[in-house]
Amino acid sequence: MLWSAIRHIIWVIILLLVLSLISFMILLRDPLNADLVTQNIYNAYYIYLKTLLQGDFGITYNGGKSLIDLILTVLPPTLELCFTALLLAFIFGLPLGIIRAVSSQQIFAKSLQSLSYLGLSIPIFWLAPLLLYTASINHWEIAAIGQYNLLYEIIPITGFPVIDVWFVNEPYRTKIIQNVLQHLALPTLVLCILPTMEIIRLIQQRAEYILCQNFAKVATTRGWSKWKILHQYVFRNTLPLLIPQVPRVFTLVLTQCMLVETALGWPGIGRWLINAVAEQDYNSIAAGVIVIGICIILIDTLIKSITFILDPFKKKGWYAR
C-alpha cells in the first residue's frame, strides 16, 4: 500500500510539472511576456513555478482582475454541470445497459443500440442550440440560458447554486429552486448523452460476459429467475468495474462541457477559456490549463483511492506482501 501511494504521488508530481511547462510555454507566446525570454529561461521557469506554488496565477489582461478569484467564480458552475450530467448518466445508463445485455435480440435492445450510435455521432455544439430553439418555440420552461434568473439573489455559500439555493430564506424560495432546476435541466440533458452511451456500452459488455459464464448457466438450469441471477452475479461483478472508468468519463464530460457552456450561455470555465482564446488573454489560458488538469488529477486520485478500498483483491495482494 505504501509503495502504491508513493508511486502515485510521484506520478502526480510529474503530471503537475508537465502542466506547469505547458502553461509556461503558453505565457511565452504573449509579446507582453517578452521579458521572460530575455532572462535565463530556466530561472524564469523557476520563478513562475514558485508563484504557482504560492497560489498566484497573476491577473487577467481584460480588466486586471485576479485570476484566482475569477477561477473560483467560473469553476463551480462547470463542476456542477459535470457532476449533474454524470449522475444522470449513471441513473439512465445502468438499467439500460442491463436491459440491452439481457434482451439483446429484442426490438427494444436493437433500437437502443441504434440510438446509442446516433447519440455518439451527433455533434453536441449543433444539438444544444437546436434543443434550445425547440424548447423556446414550444414555450417549455427549460428554455433558459445561464444558471438562474438574475432577478433572484442567491448568496454564494458553496459556489454551486443548486446547493446554495436551499439556504435562501425568502418566502418565494420554492420559485427560486424551480428556476435553478429549470436552467440546469437543458444543459445537463445535452451533456449526459455521451457518458450515458458510454456507460451503457460498458455495462452491456460486462453483463453479457457474466451471463455467458458457466455459473450463470448453471443458475438458469436450477430455475433461478433472471432478477435473481442479475442480483446475485451481474450487479456484484459489474457495478464495481464502473468506478475505475469514472476519470475517463469525467474527462469526456469536461471537454463536452466547454461546448455546452458556449452554446447555452452557462457561466463556466469552458466559456471563460474560449473567450480568453478569442481575446488572446494568454494569462487566463495558462491558468485555465493548470486548473482543468488539477481537477482531472484530483478526480483520478479520488477514484483510485476508492477503488483500492473497495477492491478486495488489491487488499489481499498487499496483505500477502
Side-chain angles (χ1 to χ4, degrees), residues 74-100 108-109 111-149 152 154 159-166 174-204 242 245-246 248-272 274 295 299:
V74 298
L75 182 60
T78 298
L79 295 180
E80 176 185 6
L81 195 56
C82 290
F83 290 144
T84 309
L86 282 177
L87 179 62
L88 281 183
F90 277 100
I91 292 176
F92 294 150
L94 292 177
L96 293 178
I98 296 296
I99 292 174
R100 278 186 57 178
F108 178 77
S111 302
L112 187 59
Q113 184 176 5
S114 301
L115 289 176
S116 299
Y117 294 147
L118 182 62
L120 293 173
S121 60
I122 293 179
I124 198 169
F125 59 85
W126 173 82
L127 181 62
L130 182 64
L131 291 179
L132 179 61
Y133 173 76
T134 304
S136 300
I137 62 176
N138 289 282
H139 305 287
W140 295 344
E141 296 293 337
I142 62 174
I145 60 175
Q147 285 186 289
Y148 55 88
N149 196 322
Y152 300 120
I154 300 177
F160 301 94
V162 72
I163 299 177
D164 296 338
V165 70
W166 299 97
T174 304
K175 190 66 177 178
I176 302 178
I177 295 174
Q178 181 183 0
N179 186 264
V180 170
L181 295 178
Q182 287 172 355
H183 282 72
L184 184 63
L186 185 59
T188 302
L189 291 174
V190 175
L191 192 58
C192 77
I193 294 176
L194 181 62
T196 300
M197 301 307 152
E198 184 66 17
I199 291 174
I200 289 175
R201 183 185 66 84
L202 294 173
I203 291 291
Q204 180 189 9
L242 286 178
Q245 302 295 329
V246 170
R248 183 175 63 86
V249 178
F250 175 79
T251 305
L252 292 175
V253 172
L254 188 58
T255 55
Q256 295 282 318
C257 188
M258 296 186 179
L259 301 175
V260 173
E261 289 176 357
T262 305
L264 300 179
W266 191 263
I269 193 171
R271 182 186 178 191
W272 175 66
I274 292 177
C295 288
I299 293 295

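This chain uses plain numbering: 1 for the first residue, then up along the sequence.
Taking both residues in full, the closest heavy atoms of V249 and P195 are given as CG1-CB, 3.6 Å, listed atom of the first, atom of the second, then distance. Among all heavy-atom pairs drawn from L242 and I199, the shortest one is CD1-CG2, 4.4 Å. Minimum heavy-atom separation, L264 to A128: CD2-O, 3.9 Å. The nearest pair of heavy atoms linking L81 to C257 is CD2-SG, 3.6 Å. Residues A263 and P129 come closest through the heavy atom pair CB-CD, 4.1 Å. When all heavy atoms are compared, the tightest approach of A185 to I142 is CB-CG2, 3.7 Å.
If you check the side chains of E198 and Q245, you find no donor sitting under 3.5 Å from an acceptor.
With contacts defined as side-chain heavy-atom distances shorter than 4.5 Å, the pair L94/I98 does not qualify. Contact check for V246 versus F90: side-chain heavy atoms found under the 4.5 Å cut-off. At least one side-chain heavy atom of K175 sits less than 4.5 Å from a side-chain heavy atom of Y152.
Distance check: Y133 OH to N138 CG gives 9.5 Å after rounding to the nearest 0.5 Å. Separation of atoms CD (Q204) and CG (L96) is listed at 11.0 Å; rounding is to 0.5 Å. Once rounded to the nearest 0.5 Å, the distance linking CD1 of I154 with CG of N179 reads 7.5 Å. The CD1 atom of I299 sits 4.0 Å away from the CZ atom of F83 when rounded to the nearest 0.5 Å. Distance CG/L191 to CG/L259: 9.5 Å, rounded to 0.5 Å. Expressed to the nearest 0.5 Å, how far CH2 of W126 lies from CG of L131 amounts to 8.5 Å.
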Point to revise | side-chain contact (heavy atoms from CB on, under 4.5 Å) evaluation trace for F250 with L86 | key: CA-CA 7 Å; F250 175 79; L86 282 177; 3.8 Å; yes

Practice item. Give the intermediate values and the outcome of side-chain contact (heavy atoms from CB on, under 4.5 Å) for residues L194 and V253. Key: CA-CA 8 Å; L194 181 62; V253 172; over 6 Å; no

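No donor-acceptor distance shorter than 3.5 angstrom exists from the side chain of W266 to the backbone of V260, with no hydrogens or angles considered. A distance-only check finds a donor-acceptor pair linking the side chain of E80 to the backbone of V162 [under 3.5 Å]. In this structure a side-chain-to-backbone donor-acceptor pair under 3.5 Å is present from T78 to I269.
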